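The next block holds one structure in the form of C-alpha coordinates; read it before the comments.
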Amino acid sequence: MHDIIDTAVAAGTFKTLAAAVTAAGLVPTLKGAGPFTVFAPNDAAFAKLPAGTVDSLLKDLPKLAAILKYHVVAGKVMAADVMTMDGKTAATVNGAPLKISTAGGVKLNADVNVIATDIECTNGVIHVIDAVLLPA
(Lines give C-alpha, C1' and ligand atoms only; values in the text may rest on other atoms or scores of the structure.)
Protein backbone atom coordinates (compact mmCIF):
# COMPACT_ATOMS: atom_id res chain seq x y z
CA MET A 1 0.00 0.00 0.00
CA HIS A 2 1.22 3.50 -0.88
CA ASP A 3 0.45 7.06 0.23
CA ILE A 4 -2.23 9.13 -1.53
CA ILE A 5 0.15 10.68 -4.07
CA ASP A 6 1.89 7.43 -5.07
CA THR A 7 -1.46 5.59 -5.25
CA ALA A 8 -2.95 8.25 -7.54
CA VAL A 9 0.13 8.32 -9.79
CA ALA A 10 0.22 4.51 -10.03
CA ALA A 11 -3.45 4.42 -11.07
CA GLY A 12 -2.55 6.29 -14.27
CA THR A 13 -5.92 8.08 -14.49
CA PHE A 14 -5.01 11.10 -12.36
CA LYS A 15 -2.28 12.71 -14.47
CA THR A 16 -3.91 16.17 -14.45
CA LEU A 17 -4.58 16.00 -10.72
CA ALA A 18 -0.99 14.92 -10.02
CA ALA A 19 0.35 17.79 -12.13
CA ALA A 20 -1.94 20.27 -10.37
CA VAL A 21 -1.03 19.03 -6.88
CA THR A 22 2.66 19.26 -7.80
CA ALA A 23 2.29 22.80 -9.22
CA ALA A 24 0.39 23.95 -6.13
CA GLY A 25 3.07 22.57 -3.81
CA LEU A 26 0.71 20.18 -2.04
CA VAL A 27 2.70 16.96 -2.60
CA PRO A 28 4.46 17.10 0.80
CA THR A 29 1.11 17.53 2.56
CA LEU A 30 -0.56 14.62 0.75
CA LYS A 31 2.49 12.43 1.35
CA GLY A 32 2.33 13.39 5.05
CA ALA A 33 0.91 11.43 7.96
CA GLY A 34 -2.73 12.40 7.45
CA PRO A 35 -5.10 10.78 7.51
CA PHE A 36 -6.84 12.50 4.62
CA THR A 37 -9.88 11.73 2.50
CA VAL A 38 -9.38 12.89 -1.09
CA PHE A 39 -12.27 13.22 -3.53
CA ALA A 40 -10.08 12.84 -6.60
CA PRO A 41 -11.25 14.02 -10.03
CA ASN A 42 -9.87 11.70 -12.72
CA ASP A 43 -8.46 12.95 -16.02
CA ALA A 44 -11.90 12.69 -17.66
CA ALA A 45 -13.29 15.02 -14.96
CA PHE A 46 -10.64 17.65 -15.70
CA ALA A 47 -11.38 17.26 -19.43
CA LYS A 48 -14.96 18.44 -18.75
CA LEU A 49 -13.74 21.87 -17.65
CA PRO A 50 -14.00 24.67 -20.22
CA ALA A 51 -11.01 24.86 -22.59
CA GLY A 52 -8.06 26.69 -21.07
CA THR A 53 -9.27 26.36 -17.45
CA VAL A 54 -6.50 24.01 -16.33
CA ASP A 55 -3.82 26.14 -18.00
CA SER A 56 -5.15 29.32 -16.37
CA LEU A 57 -5.27 27.62 -12.95
CA LEU A 58 -1.67 26.46 -13.34
CA LYS A 59 -0.79 30.16 -13.69
CA ASP A 60 -2.82 31.16 -10.58
CA LEU A 61 -1.33 28.89 -7.91
CA PRO A 62 -3.23 30.35 -4.91
CA LYS A 63 -6.55 29.75 -6.70
CA LEU A 64 -5.39 26.29 -7.81
CA ALA A 65 -4.38 25.40 -4.24
CA ALA A 66 -7.75 26.58 -2.90
CA ILE A 67 -9.60 24.40 -5.43
CA LEU A 68 -7.43 21.37 -4.68
CA LYS A 69 -7.87 21.79 -0.91
CA TYR A 70 -11.64 21.78 -1.53
CA HIS A 71 -11.22 18.11 -2.57
CA VAL A 72 -9.64 17.09 0.75
CA VAL A 73 -11.30 16.32 4.09
CA ALA A 74 -9.21 15.78 7.22
CA GLY A 75 -9.56 12.23 8.55
CA LYS A 76 -10.26 8.91 6.89
CA VAL A 77 -13.87 8.85 5.70
CA MET A 78 -14.79 5.51 4.15
CA ALA A 79 -17.79 5.02 1.84
CA ALA A 80 -19.85 3.44 4.63
CA ASP A 81 -19.29 6.61 6.70
CA VAL A 82 -20.28 8.85 3.78
CA MET A 83 -23.55 6.89 3.37
CA THR A 84 -24.61 8.07 6.86
CA MET A 85 -24.07 11.73 5.92
CA ASP A 86 -27.02 12.34 3.57
CA GLY A 87 -28.00 15.99 3.67
CA LYS A 88 -24.98 16.93 5.77
CA THR A 89 -21.81 18.78 4.92
CA ALA A 90 -18.16 17.88 5.40
CA ALA A 91 -15.56 20.50 6.26
CA THR A 92 -12.84 20.59 3.62
CA VAL A 93 -9.21 21.54 4.20
CA ASN A 94 -9.98 24.72 2.24
CA GLY A 95 -12.58 25.66 4.88
CA ALA A 96 -15.60 25.59 2.58
CA PRO A 97 -18.31 22.99 3.24
CA LEU A 98 -18.95 20.11 0.87
CA LYS A 99 -22.62 19.08 0.59
CA ILE A 100 -23.27 15.34 0.60
CA SER A 101 -26.28 13.54 -0.87
CA THR A 102 -26.73 9.78 -0.94
CA ALA A 103 -30.01 9.53 -2.86
CA GLY A 104 -29.33 7.47 -6.02
CA GLY A 105 -25.60 7.18 -5.36
CA VAL A 106 -23.26 9.55 -3.56
CA LYS A 107 -23.21 13.08 -4.92
CA LEU A 108 -21.17 16.05 -3.77
CA ASN A 109 -22.70 19.53 -4.08
CA ALA A 110 -25.69 17.93 -5.85
CA ASP A 111 -23.98 17.38 -9.22
CA VAL A 112 -20.63 15.62 -8.77
CA ASN A 113 -20.83 11.82 -8.65
CA VAL A 114 -18.58 9.58 -6.61
CA ILE A 115 -17.73 6.83 -9.12
CA ALA A 116 -15.24 4.69 -7.16
CA THR A 117 -14.75 4.42 -3.41
CA ASP A 118 -12.45 3.24 -0.67
CA ILE A 119 -9.09 3.21 -2.44
CA GLU A 120 -7.10 2.77 0.77
CA CYS A 121 -3.72 4.42 1.18
CA THR A 122 -1.19 4.45 4.01
CA ASN A 123 -2.26 8.00 4.93
CA GLY A 124 -5.97 7.99 4.10
CA VAL A 125 -8.42 7.08 1.38
CA ILE A 126 -9.27 8.18 -2.17
CA HIS A 127 -12.77 8.34 -3.63
CA VAL A 128 -12.91 9.02 -7.39
CA ILE A 129 -15.28 11.71 -8.68
CA ASP A 130 -16.50 12.53 -12.19
CA ALA A 131 -16.10 16.33 -12.09
CA VAL A 132 -13.86 18.95 -10.52
CA LEU A 133 -15.35 20.50 -7.37
CA LEU A 134 -15.31 24.29 -7.37
CA PRO A 135 -15.76 26.12 -4.06
CA ALA A 136 -18.65 28.62 -4.01
Side-chain angles (χ1 to χ4, degrees):
M1 191 176 330
H2 299 287
D3 63 43
I4 289 169
I5 295 295
D6 292 344
T7 300
V9 169
T13 54
F14 300 104
K15 291 180 179 75
T16 307
L17 179 62
V21 166
T22 301
L26 297 175
V27 169
T29 302
L30 292 176
K31 282 181 133 332
F36 302 105
T37 298
V38 177
F39 293 99
N42 58 20
D43 291 334
F46 277 100
K48 291 180 182 178
L49 291 170
T53 301
V54 173
D55 288 336
S56 79
L57 286 172
L58 289 170
K59 292 175 186 148
D60 185 350
L61 297 183
K63 183 173 183 180
L64 176 63
I67 290 170
L68 293 171
K69 289 177 182 176
Y70 190 57
H71 291 78
V72 181
V73 173
K76 187 173 182 179
V77 184
M78 302 301 285
D81 302 321
V82 174
M83 292 306 292
T84 68
M85 299 174 71
D86 186 40
K88 296 181 181 167
T89 60
T92 65
V93 173
N94 138 318
L98 193 57
K99 295 178 192 140
I100 298 168
S101 164
T102 59
V106 177
K107 290 190 185 321
L108 306 174
N109 292 348
D111 60 352
V112 175
N113 297 294
V114 176
I115 56 174
T117 61
D118 293 349
I119 301 168
E120 292 200 59
C121 308
T122 56
N123 61 344
V125 62
I126 297 172
H127 302 297
V128 183
I129 57 176
D130 69 351
V132 176
L133 294 163
L134 299 172

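As the structure is a computational prediction, the values presented were derived from the model and not from experiment.
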State whether the side chain of T7 and the backbone N or O of H2 hold a donor-acceptor pair below 3.5 Å, judged by distance alone. yes
Looking at every non-hydrogen atom in both residues, tell me the closest pair between V132 and P41 and how far apart they are. CG2-CB, 4.0 Å
With clusters defined by side-chain heavy atoms of hydrophobic residues (ILVMFWY) lying less than 4.5 Å apart, directly or transitively, does V125 cluster with V27? no
Which salt bridge (Lys or Arg N to Asp or Glu O under 4.0 Å) pairs, counting each pair once, include a residue from residues 4-26, with sequence neighbours left out? D6-K31
Begin with the C-alpha distance, continue with both residues' side-chain angles, and end with the deciding distance and a verdict on side chain to side chain contact (heavy atoms under 4.5 Å, CB included) for T37 and M78. CA-CA 8 Å; T37 298; M78 302 301 285; over 6 Å; no
Can you pull the salt bridge (Lys or Arg N to Asp or Glu O under 4.0 Å) pairs that have at least one residue in residues 59-78, sequence neighbours excluded? K76-E120
Apply side chain to side chain contact (heavy atoms under 4.5 Å, CB included) to the pair I4 and I126, showing each step before the final yes or no. CA-CA 7 Å; I4 289 169; I126 297 172; 4.2 Å; yes
Can a donor-acceptor pair be found, under 3.5 Å and without considering hydrogens, that links the side chain of N42 to the backbone of F14? no
Short question: side chain of N123, backbone of P35 - any donor-acceptor pair under 3.5 Å? no
Could you tell me which residues satisfy side-chain contact (heavy atoms from CB on, under 4.5 Å) with A24, sequence neighbours excluded, listed by chain and number? L26, L64, A65, L68
Pair D3-C121, side chain to side chain contact (heavy atoms under 4.5 Å, CB included): steps then yes or no: CA-CA 5 Å; D3 63 43; C121 308; 5.6 Å; no
Using a side-chain heavy atom cutoff under 4.5 Å and only I, L, V, M, F, W and Y, what cluster partners does V106 have? F39, Y70, V73, V77, V82, M83, M85, L98, I100, L108, V112, V114, I129, L133
Side chains of T29 and V21: does their closest heavy-atom pair fall under 4.5 Å? no
Rounded distance [0.5 Å steps], CG in L17 versus NE2 in H71: 7.5 Å
Any donor-acceptor N or O pair under 3.5 Å, side chains K107, N113: yes
Any side-chain heavy-atom pair of H127 and I119 under 4.5 Å: no
Is any side-chain heavy atom of P97 closer than 4.5 Å to a side-chain heavy atom of T92? no
Kindly write out the residues that satisfy side-chain contact (heavy atoms from CB on, under 4.5 Å) with T53, not counting sequence neighbours, or none if the list is empty. L49, P50, L57
Results of side chain to side chain donor-acceptor pair (under 3.5 Å) for D118 - residues two or more places apart only: none
So does A96 get a backbone contact from the side chain of N94, meaning a donor-acceptor N/O pair under 3.5 Å? yes
